[in-house]
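Inspection log for the structure reproduced underneath, given as structure tokens.
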Amino acid sequence: MSIVIDGVTKLYGAQKALDNISFEVKTGEIVGFLGPNGAGKSTLMKIITGFIPATSGNVLVNGFKVETNNIEIKKQIGYLPENNPLYPEMYVREYLDFVASFYNSNEPRKKLIDKIIELTGLTPEQKKKIGALSKGYKQRVGLAQALIHNPAVLILDEATSGLDPNQIIEIRNLIKEVGKEKTVLLSTHIMQEAEAICQRVIIIDRGVIMANEEKDKIYSLINQTKQVIIVEFDKETDSSKLSKIKTVSSVKPLEINAWQIEAEGKEDIRPAIFKFAVDNNLTVLSLNKRQNNLEEIFRHLTN
């Protein structure tokens, strides 16, 4: 196992930021670490990277105990913190050369920097001062410093923060590519990000693990006995009439002549909606059963 979290608790005075949490992350696995603000995500990442100690419990990275092998751990880990601290007065290449000087590498430093600049898409901005870069390119510099020593483990806290949609896709693809050989723990507030990148999802709330499941299996955690149907008719109708359809629990207007209908039970309600349309001289223009998504799971578990 690349990362082993075993019974970790972290106290800040009387406040319990992490409450006896445990999980493991394997080599070649990209795991999404999700939770609302204040859930304990950044605290755990700082513990894994050796920046702060746990109050109790053990953390191992590639077999090294963080508490007693702090320097060795830092060789194993590439870390992009949420606030991405950089030196704005330094040039991009200068900064990466500075970071690379901390590590022993068999590869010439210039070749190493050239490779990481190309990998992270920094080539057009490599001769600029960091302070002159857009937020998106600053984020790329942060990712470049995390990768420059070819670490076995990547800890990424809000890795795509501030990027435009095209840049987000590029960084997602980069994370997926490097994740084939590395262990990646990715903290994000963007549910679509976790769905696009991660193989497994861990959800934390108030310092407690609420879910730890393969991405394809996590959807079963939400109540499967409730259906959500989106229907559009060709003419107006009344919500009170829709509410009388058997098992319907909620009717919400959307766009013109479009409705969100929630129903209890496992029996598919769509035939009943078609019958309602026929009985009320309506034509169904579209009818879709909404599938559970990660955002709904997240809200269900952390509400």
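The model shown is predicted, which means the values in this text are computed figures rather than measured ones.
- Both Phe51 and Tyr12 are assigned to one and the same hydrophobic cluster, defined by single-linkage of ILVMFWY side chains at heavy-atom distances under 4.5 Å.
- Both Ile52 and Ile3 sit in one connected hydrophobic cluster of ILVMFWY residues. Membership requires side-chain heavy atoms under 4.5 Å apart, directly or through other members.
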Would you list the atom pairs, donor with acceptor, under 3.5 Å between side chains in residues 201-216 and any protein atom, with sequence neighbours excluded?
unit_1 : atom_1 : unit_2 : atom_2 : d
Asn212 : OD1    : Arg200 : NH1    : 2.6
Lys215 : NZ     : Glu195 : O      : 2.5
Lys215 : NZ     : Cys198 : O      : 3.2

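- Aromatic ring pairs are classed by plane angle as parallel below 30°, tilted from 30° to 60° and perpendicular above 60°; the pair Phe98 and Tyr95 is tilted.
- Here Ala196 pairs with Arg172 under the side chain to side chain contact (heavy atoms under 4.5 Å, CB included) rule; sequence neighbours left out.
- Here the OG1-CG distance, from Thr27 to Asn62, works out to 6.0 Å after rounding to the nearest 0.5 Å.
- Judged as a side chain to side chain donor-acceptor pair (under 3.5 Å), the pairs with a partner in residues 182-191 (not counting sequence neighbours) are, in order, Ser2-Thr183, Asn37-His189, Asn150-Lys182, Asp157-Ser187, Glu158-His189.
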### Task
In sequence, state the C-alpha distance, the side-chain angles, and the governing distance for Lys180 and Glu177, and then conclude on salt bridge (charged side-chain N to carboxylate O under 4.0 Å, His left out).
CA-CA 6 Å; Lys180 292 176 182 178; Glu177 187 61 32; 3.2 Å; yes
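- Screening residues 46-59 for side chain to side chain donor-acceptor pair (under 3.5 Å) gives Asn58-Lys65 as the qualifying pairs, with residues at least two apart or on separate chains.
- Applying the side-chain hydrogen bond (donor to acceptor under 3.5 Å, both in side chains) test to Asp279 and every residue at least two apart in sequence or in another chain returns Lys275.
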Pair up each side-chain donor or acceptor in residues 235-248 with any protein partner under 3.5 Å, not counting sequence neighbours, and list the distances.
unit_1 : atom_1 : unit_2 : atom_2 : d
Lys235 : NZ     : Asn281 : O      : 2.9
Asp238 : OD1    : Ser240 : N      : 2.8
Asp238 : OD1    : Ser240 : OG     : 2.2
Ser243 : OG     : Ser239 : O      : 2.8

Taking it one step at a time, do Asp114 and Lys111 satisfy salt bridge (charged side-chain N to carboxylate O under 4.0 Å, His left out)? CA-CA 5 Å; Asp114 288 341; Lys111 185 177 178 182; over 6 Å; no
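- Connection of Leu254 to Ile269 is not established within any shared hydrophobic cluster, with ILVMFWY side chains joined at heavy-atom distances below 4.5 Å, either directly or through further cluster members.
- Every residue meeting the side chain to side chain contact (heavy atoms under 4.5 Å, CB included) condition with Pro85, not counting sequence neighbours, appears here in chain and number order: Pro81, Asn83.
- Surrounding CD of Gln260 are more than 12 heavy atoms belonging to other residues, nucleotides or ligands, all under 6.0 Å away.
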Determine all donor-acceptor pairs shorter than 3.5 Å in which one atom belongs to a side chain in residues 124-133; sequence neighbours excluded.
unit_1 : atom_1 : unit_2 : atom_2 : d
Glu125 : OE1    : Lys128 : NZ     : 2.9
Gln126 : OE1    : Arg93  : NH1    : 2.8
Gln126 : NE2    : Thr123 : O      : 3.2

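- For Thr283, the side chain to side chain contact (heavy atoms under 4.5 Å, CB included) partners two or more places apart in sequence, or in a different chain, are Asp234, Leu285.
- A search for side chain to side chain contact (heavy atoms under 4.5 Å, CB included) contacts involving Ser250 returns Glu262, not counting sequence neighbours.
- Ile30 and Ile169 sit in two unconnected hydrophobic clusters of ILVMFWY residues. Membership requires side-chain heavy atoms under 4.5 Å apart, directly or through other members.
- For residues 124-149, the set of pairs meeting the ring pair (Phe, Tyr, Trp, His ring centres under 6.0 Å) definition, not counting sequence neighbours, comprises Tyr103-His149.
- Counting only residues at least two apart or in different chains, salt bridge (charged side-chain N to carboxylate O under 4.0 Å, His left out) contacts with residues 139-155 comprise Arg140-Glu170.
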